[in-house]
Visitor: 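This structure is in structure tokens; I'll ask about it shortly.
Labels below follow one simple rule: chain letters A, B, ... track the order of the sequence lines, proteins then strands, and each chain is numbered from 1.
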Amino acid sequence: MPQQSPPPTVIFWHRTDLRLHDNPALQAALSLNPSTFIPIFTWDPHYAYRVRVGPNRWRFLLECQDDLSQSYHKLNPKQKLWVIREAPQTVFPKLFESWGATHLVFESDTDGYARERDETVMKLAKEAGVEVIVKSGRTLFDSDEVVKHNKGEPTMSIHQVEKAVEQINNGVPDRPVDAPESVPDPLGEEEMRALSGVDHEVPDQEDDLNAAHRTKHNDNQYKNIAGPNGDFSIPTLNELSIDPSQATSPHHGGESIALEMLRTYLQQNEDFVATFEKPKTSPAAFHPQATTLLSPHLHFGSLSVRKFWHDVQDTLQQRESAHKPTSDIPTNLPGQLLFREMFFAAQAALGPVYAQARGNKIARFIPWHLQSNHDEETGLVERKYTIDDEQAEVWFRRWKEGRTGFPWIDALMRQLKYEGWIHHLGRHSVACFLTRGGCYVHWERGAEVFEEWLVDHETASNVGNWMWLSCTAFFTQFYRCYSPVAFGKKWDPEGLFVRYYVPELKHYDKKYIYEPWKAPVEDQKRWECRVTGDGMVEKDEETGLTTYPEPMFDFDERRQTCIAQMKEAYGVHLMGDDEKVMDGSWKEVFGYEVKDGRVVDETNERVDGDGGDDEGGQKRGREVGDQSGDDGDGGHTSKKKK
DNA sequence: TGATCGGTTGAAAAG
DNA sequence: CCTTTTCAACCGATC
């Protein structure tokens, strides 16, 4: 450091890097030898209100923050994670001024919103004379670099990713850097607290995408810029108006947990790590699951992806020199991480339109039901979508709630909701079922449900996989449909997975566990569950028994219809950035009719039964009423076709 | 240019 | 019960 310059006062901005180990940006910050070091997290209203986040992921995030804060505290009793409750776009000038910052350091983030946010903040820093340092660290390789080595184009196959990263350090990610052994002090308590005196911008809660999860209409998470006690505390679920009992997932956040999980796999399950092949892991395995469950830690950065890669790679190399079996790219663990790189780089190349069909040049246009509405100014999806077909809306609701009448699908959707995680192939099953292999509903609807419920939700991977499964991009073999019966049976012939997550069926013979509607009525009575209705009726009127819904359609018939429609759409061959998609004239091309033109606002839609409040509830009530009205022979819903 | 082949992870029937 | 073949047939890279 030049002797003349004042000792740096460094603000370190944590975002999706909630860890101390292998944090290149943190290392860069500390190598400035700051006299003052303030690690912060900005509790961004964008995430609080404009991103779908269910109770399980809220809890996971808070646990990551708690763990990180404790780790800082162990290194320096004056330290912790300082949480600031305001939008970064408005709060940074106040932080710079109030704390006299000289540097702002953070890890780069290539998400659509994040890029825009960071550009704004960098501009504000420049205006305040604060030096900004940004380091890549969220992915194995800097996604912008990967794109550059892919001719500036989105990465569309693993082969392209391999070729691109070969040109960056021969395809070997940087070695992980160690966690710091000490961190400097923050400012004194008085000086830190001085921030509470500044004007505080409280965000508008009107467009709260997560209203359905809150116990109160107006939460108080933004009441004070430094939290309720003015001490920059990490929010609690109660402060977010989220009932803690709604966070039912067994999966917990935090760097300590993540590192311990990785260590355990490597030490106690070397065979599992070394011979891992994703397609051979069971989507029906639960408690414990068949894969590592490290994905949510990669999302929040409580585990470094480079540490994961190198630790696994070291194991693979040791095994190879010992002539023990190993698995290969792309099905092995490093290969799985390459798919993550692929989706990140594709997103980095395309920006915000990556996450939607309209305007997205890699997305094949398919005239699915329940198309999104778009903001006229930005062209980006808004929370509203158009119900062109009442039947499709009912199917979508039943899919989301796990009452389709197909036990394999329902078990997966219920596991997703309660645990915040389902196996990758389970995601394939339910995604294929909702889109091209069943309901013919837009993949954006499904991606939104995953966004809400997954603890490991990562926009790049989630959207990428939804496009993959719906044959929108990356994958095109639409005649390969996952059967909701055969696929589950293949992995779990006894139906243990279904019995656990759909306990209504726990006494059913394995012969009928995936097709309970085929069981004779006498057996249904013996097994204490009647297959009848749409899942909204708890007790069968006639027998008083628990019910499980009849299948909401004839799957084989739907598969045929969907494949024929996919074939037609592929024949028309419109991409998301085609003029006809942009101006809406695709409707004429496909003879797409909007029968009632209703627009649904997803915001306050409750999914747990009886409707909730406001307009959302009314709509649902009507749909549900219609359904149970003709449940006498519910399978007949499938007869409706175009 | 047209043919060939591969594509992380299919399903159902036949052997 | 296991493996192999057929099903119906897509895109994009490659030669």
Visitor: Give one of base, sugar-phosphate or nothing for A/Glu277, where a contact means two heavy atoms less than 4.0 Å apart.
Guide: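 Contact class for A/Glu277: none.
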Visitor: Does A/Arg559 reach a base, just sugar-phosphate, or nothing at all? Heavy atoms under 4.0 Å.
Guide: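 Answer is sugar-phosphate: A/Arg559 comes under 4.0 Å of backbone atoms only.
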Visitor: Regarding A/Phe478, tell me which of base, sugar-phosphate or nothing describes its non-hydrogen contacts under 4.0 Å with the strands shown.
Guide: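 Sugar-phosphate, backbone atoms only, no base.
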Visitor: Aromatic contact between A/Phe433 and A/Phe553, with the criterion being ring centroids under 6.0 Å apart: yes or no?
Guide: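 Ring centres of A/Phe553 and A/Phe433 closer than 6.0 Å.
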Visitor: Base, sugar-phosphate, or nothing for A/Lys280, non-hydrogen atoms under 4.0 angstrom?
Guide: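 Contact class for A/Lys280: none.
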Visitor: Would you indicate what A/Thr331 reaches in the nucleic acid, counting non-hydrogen atoms under 4.0 angstrom: base, sugar-phosphate, or nothing?
Guide: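 Base: the residue A/Thr331, judged by heavy atoms under 4.0 Å, touches a nucleobase.
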Visitor: Any strand counts, and the cut-off is 3.5 Å on both contacts for Watson-Crick or G-U wobble. Which nucleotide pairs with C/dA9?
Guide: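 The base-pairing partner of C/dA9, which may sit in any strand shown, does not exist here.
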Visitor: Between the side chains of A/Asp456 and A/His299, is a donor N or O closer than 3.5 angstrom to an acceptor N or O?
Guide: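 Their side chains do not contain a donor-acceptor pair, so the 3.5 Å distance test is not met.
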Visitor: Considering Watson-Crick and G-U wobble pairs with both distances under 3.5 Å, what does B/dA3 pair with?
Guide: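 Paired with B/dA3, as far as the under-3.5 Å criterion goes, is C/dT14.
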Visitor: Do the ring centers of A/His287 and A/Phe497 come within less than 6.0 Å of each other?
Guide: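 Not under 6.0 Å, so no.
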Visitor: Using whole Å, what does the distance between atom P of nucleotide C/dA9 and atom CZ of A/Phe475 come to?
Guide: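 So the two atoms are 15 Å apart, to the nearest Å.
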Visitor: How many whole angstroms separate atom CD1 of A/Ile563 from atom C1' of C/dC10?
Guide: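 Those two atoms, CD1 and C1', are 11 Å apart.
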Visitor: Considering only NZ, NE, NH1 and NH2 on the basic side and carboxylate oxygens on the acidic side, decide whether A/Arg138 and A/Asp111 come within less than 4.0 Å.
Guide: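 So A/Arg138 pairs with A/Asp111 through a salt bridge.
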Visitor: Looking at A/Tyr418, I want to see if its OH is surrounded by more than 12 non-hydrogen atoms of other residues, nucleotides or ligands under 6.0 Å.
Guide: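 Not buried by this count: 12 neighbours or fewer within 6.0 Å.
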Visitor: Let's test this: given Watson-Crick or G-U wobble pairing with both distances under 3.5 Å, identify the partner of B/dT8.
Guide: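 When the pairing criteria are applied, nothing turns out to pair with B/dT8, so the answer is none.
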Visitor: Would you indicate which nucleotide in C/dC11, C/dC10, C/dT14 comes nearest to any side-chain atom of A/Arg364?
Guide: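 Selected nucleotide: C/dC11.
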Visitor: Which whole number of Å gives the distance between the P atom of C/dA8 and that of B/dT8?
Guide: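 To the nearest whole Å, 24 Å.
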Visitor: Once you round it to whole Å, what is the distance between C1' of C/dC11 and CE of A/Met575?
Guide: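 Between C1' of C/dC11 and CE of A/Met575: 10 Å.
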Visitor: Looking at A/Gln560, I'd like to know if its CD atom is crowded, meaning that more than 12 non-hydrogen atoms belonging to other residues, nucleotides or ligands lie closer than 6.0 Å.
Guide: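 Atom CD in A/Gln560 is not packed in, count stays at 12 or less.
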Visitor: Give one of base, sugar-phosphate or nothing for A/Phe487, where a contact means two heavy atoms less than 4.0 Å apart.
Guide: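 If one applies the 4.0 Å heavy-atom cut-off, A/Phe487 turns out to touch the sugar-phosphate alone, with no base involved.
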Visitor: To the nearest 0.5 Å, what is the distance between CH2 (A/Trp399) and CZ (A/Phe406)?
Guide: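 With rounding to 0.5 Å, CH2 (A/Trp399) is 15.0 Å from CZ (A/Phe406).
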Visitor: Would you kindly compare A/Tyr570 and A/Arg480 by the position of their nearest DNA chain C nucleotide and give the one closer to the 5′ end?
Guide: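 The 5'-side residue here is A/Arg480.
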Visitor: Please report the distance, rounded to the nearest Å, between NZ in A/Lys489 and C1' in C/dC1.
Guide: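 So the two atoms are 15 Å apart, to the nearest Å.
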Visitor: In whole angstrom, what separates A/Tyr479's OH from C/dT6's C1'?
Guide: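 Whole-Å distance recorded here is 12 Å.
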Visitor: Using a heavy-atom cut-off of 4.0 Å across all strands, would you classify A/Arg427 as base, sugar-phosphate, or nothing?
Guide: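 Counting heavy atoms under 4.0 Å across all strands, no contact is made by A/Arg427.
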Visitor: Provide the distance between the two P atoms, one in C/dC1 and one in B/dG10, to the nearest whole Å.
Guide: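 Rounded to whole Å, the distance is 22 Å.
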Visitor: When the P atoms of C/dA9 and C/dA13 are compared, how many Å lie between them, rounded to an integer?
Guide: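 The answer is 23 Å between these two P atoms.
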Visitor: Base, sugar-phosphate or nothing for A/Trp468? Non-hydrogen atoms, less than 4.0 Å.
Guide: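 Base contact.
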Visitor: Walking along DNA chain B from 5' to 3', note the first and the last nucleotide with an atom under 4.0 Å from a heavy atom of chain A, and give both.
Guide: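 Contacts span B/dG7 to B/dA12, reading 5' to 3'.
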Visitor: Any side-chain heavy-atom pair from A/Thr404 and A/Phe555 closer than 4.5 angstrom?
Guide: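 With C-beta onward as the side chain, the pair stays apart.
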